[in-house]
Number of protein chains: 2
Amino acid sequence: MKKVTCVRLEANEKQIQRCHESIRLVEVHIIELANVLNLVGNAVRLKIVYLLHAEKELCVCDISDVLQMNVSAISQHLRKLKDGDLVTAKKEGQTIYYSIKEDYRKTLSPIFRQINSLKKMELV
Amino acid sequence: MKKVTCVRLEANEKQIQRCHESIRLVEVHIIELANVLNLVGNAVRLKIVYLLHAEKELCVCDISDVLQMNVSAISQHLRKLKDGDLVTAKKEGQTIYYSIKEDYRKTLSPIFRQINSLKKMELV
DNA sequence: AAAGTATTTTAGCATTTGCTAAAGTATGAT
DNA sequence: ATCATACTTTAGCAAATGCTAAAATACTTT
């Protein structure tokens, strides 16, 4: 018999049960969402996504210029975002334009709203 | 003279300038927000925060029980969340109750809304 | 005071991350 | 065909992450 819970008096068996069930129901979504949040939980990638949101589309070279970073580093971040299905690439000649995938606009918009509201507060 | 931008014809100097200025204005907020997103961009921590949001407060031992994980691992995740100021701890005897910091309720609520809306879709 | 409970901290380790530098691919211009 | 441009990929490396196991702390009960 392995002990599972702490034995403190207040241990609310009902609460534990409820939590267990609650997690069971959302586990898959949490894992999926955590992946997305992990992608934008990096300052460089959040900047990239923020720029793409504001400018519709940008090429690797432009982003590299704006963020003052190695083209290769930017390319690698974009690859992660593409692998995570957050952005798409559109080739035009030798330049490749990246943009946010429509499916994720809704998930990301509260994040951008947050950033912009903080920006506004500063201007007051 | 170091080259900064790609030399492609379409290179829109105005756009680059606008992006530069835009990033400059939000950089601090982006870094701050990326830190928060990075914290919840981990499935275990997102589950913890989700549970705390639903149950108001929980002790380490309860969380460990619900998520079926080592107490030490949970404690370490809680420490990160506390260091990031996302949660607070309240000691009561030998048990320590964690809860989400009021200041972050607003930042996090769209995330929980997202999770719960996905849960509901499944029930349809 | 001794033993038990709840939690934290430390050490150790395998894995992942994010960068730089260098080489590779693809398109465009001469 | 050769060279330049835009980008990706690879290799290598230092730093960060997330876990387990063990030791440390702090309170409670006996």
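The basis for the numbers below is simple: all heavy atoms, side chains too, and nothing from hydrogens, waters or symmetry mates. Protein chains get the first letters and strands the later ones, always in sequence-line order, with residue 1 at the start of each.
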Atom CZ of Arg79(B) with >12 non-hydrogen neighbours under 6.0 angstrom: no

Whole-Å distance between [N] [atom2] and [X] [atom1]?
X	N	atom1	atom2	result
Leu67(A)	dC19(C)	CG	P	10 Å
Ile48(A)	dG18(C)	CD1	P	11 Å
Ile74(B)	dA6(C)	CD1	C1'	14 Å

Residue list, side-chain contact (heavy atoms from CB on, under 4.5 Å) with Ala73(A), at least two apart or on another chain: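 Applying side-chain contact (heavy atoms from CB on, under 4.5 Å) to Ala73(A) gives Met69(A), Asn70(A).
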
Donor-acceptor pair (no angle test) under 3.5 Å: Gln76(A) side chain, dT20(C) base: yes

Contact nearer the 5' end of DNA chain D, comparing Ser72(A) with Gln94(A): Gln94(A)

dT30(D) pairs with, by Watson-Crick or G-U criteria that keep both distances under 3.5 Å: dA1(C)

Closest approach of Gly84(A) to Leu39(A) (non-hydrogen atoms, all atoms of both residues): CA-CD1, 3.8 Å

Sugar-phosphate only, base, or nothing, as touched by Lys82(B) at under 4.0 Å among non-hydrogen atoms: nothing

Asp62(B) side chain to Tyr98(B) side chain, donor-acceptor N/O pair below 3.5 angstrom: no

His77(B) side-chain proximity, nearest of dC7(D), dG18(D), dT17(D): dG18(D)

